[in-house]
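Quick note: residue numbers are just sequence positions, from 1. Atom set for the values below is all heavy atoms of this structure, side chains included, hydrogens, waters and symmetry mates excluded.
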Amino acid sequence: MKGAITPYLSFYGQADQAASFYEEVFGLERMASQTYGDSNFPAPDHAKEFLLHCLLQKGDFKLMMADSVEEQPVQPRSGLALVVECETGEEAVEIFSKLSDGGQVIMELQDTFWGAKYGKVKDKFGFVWDLNVEKEK
């Protein structure tokens, strides 16, 4: 097995918008991006501009995403949080602020009993992010 797990986020017609959002939030670069219309993959006409695949990356931090061509039933996402280990408290505050814009704060960014600054936020696309900064010892 190679290194870290790469999250692959699924959308319905919002993957390109989400990719732009995550580029801004995390400072990621769009390494690869392809729409259904630019591929040989069969897709309904309404989905030609949907993303078939997108890779965002900054160093070892990677996110992949795509649009489904079929609308999925609306179900809250649950049972999974994406943890981001931040370098500094300032970085955590900045990312937390951007993720919570249009989203929902679940736990304010705060000092914890386990010796870290930690917060939890659901972004405007329904994904939960845990931000963690280990305190210097």
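Of the inter-residue distances, the one linking Phe21 atom CZ with Gln14 atom CD reads 11.5 Å to the nearest 0.5 angstrom. Here the straight-line distance linking atom CG of Asp111 with atom NZ of Lys117 works out to 4.5 Å at 0.5 Å rounding. Within the model, atoms CD of Glu29 and CE of Met31 stand 5.0 Å from one another, a figure rounded to the nearest 0.5 Å. Note: Glu71 CD to Tyr12 OH = 5.0 Å, rounded to the nearest 0.5 Å.
Hydrophobic cluster membership differs between Ile95 and Tyr118, with clusters built from Ile, Leu, Val, Met, Phe, Trp and Tyr side chains linked at under 4.5 angstrom. A continuous path of hydrophobic side-chain contacts links Val121 to Phe125 [ILVMFWY only; heavy atoms under 4.5 Å]. One hydrophobic cluster, built from ILVMFWY side chains closer than 4.5 Å, holds both Tyr22 and Leu131. One hydrophobic cluster, built from ILVMFWY side chains closer than 4.5 Å, holds both Leu9 and Leu28.
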### Query
What do the steps show when you test Met65 against Phe11 for side-chain contact (heavy atoms from CB on, under 4.5 Å), and what is the final call?
CA-CA 8 Å; Met65 61 197 62; Phe11 300 88; 3.8 Å; yes
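Within the 3.5 Å criterion, the main-chain N or O of Ala15 finds a donor-acceptor partner in the side chain of Asp67.
A heavy-atom distance below 4.5 Å is found between the side chains of Ser20 and Arg30. Inter-residue side-chain proximity for Lys122 and Phe127 is flagged as unmet; no heavy-atom pair is nearer than 4.5 Å.
Listed by chain and residue number, nothing satisfies the salt bridge (charged side-chain N to carboxylate O under 4.0 Å, His left out) test with Asp123 (two or more places apart in sequence, or in another chain). Partners of Asp38 under the salt bridge (charged side-chain N to carboxylate O under 4.0 Å, His left out) rule, at least two apart in sequence or in another chain, do not exist in this structure. Contacts of Ser68 classified as side chain to side chain donor-acceptor pair (under 3.5 Å), with partners at least two apart in sequence or in another chain: Gln72.
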Return all side-chain donor-acceptor pairs below 3.5 angstrom for residues 50-64, not counting sequence neighbours, or 'none' if the list is empty.
{"unit_1": "His53", "atom_1": "ND1", "unit_2": "Tyr8", "atom_2": "OH", "d": "3.0"}
{"unit_1": "Gln57", "atom_1": "NE2", "unit_2": "Gly59", "atom_2": "O", "d": "2.8"}

In residues 81-91, what donor-acceptor pairs under 3.5 Å come from side-chain atoms, sequence neighbours left out?
{"unit_1": "Glu85", "atom_1": "OE1", "unit_2": "Asn132", "atom_2": "ND2", "d": "3.0"}
{"unit_1": "Thr88", "atom_1": "OG1", "unit_2": "Glu91", "atom_2": "N", "d": "3.0"}
{"unit_1": "Glu91", "atom_1": "OE1", "unit_2": "Glu87", "atom_2": "N", "d": "2.5"}

Ignoring hydrogens and angles, write down the donor-acceptor pairs under 3.5 Å from the side chains of residues 98-109, residues two or more places apart or on other chains.
{"unit_1": "Lys98", "atom_1": "NZ", "unit_2": "Glu24", "atom_2": "O", "d": "3.4"}
{"unit_1": "Lys98", "atom_1": "NZ", "unit_2": "Glu24", "atom_2": "OE2", "d": "3.1"}
{"unit_1": "Lys98", "atom_1": "NZ", "unit_2": "Glu94", "atom_2": "OE2", "d": "3.0"}
{"unit_1": "Ser100", "atom_1": "OG", "unit_2": "Phe96", "atom_2": "O", "d": "2.9"}
{"unit_1": "Ser100", "atom_1": "OG", "unit_2": "Ser97", "atom_2": "O", "d": "3.1"}

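The nearest pair of heavy atoms linking Thr35 to Glu49 is CG2-O, 3.7 Å.
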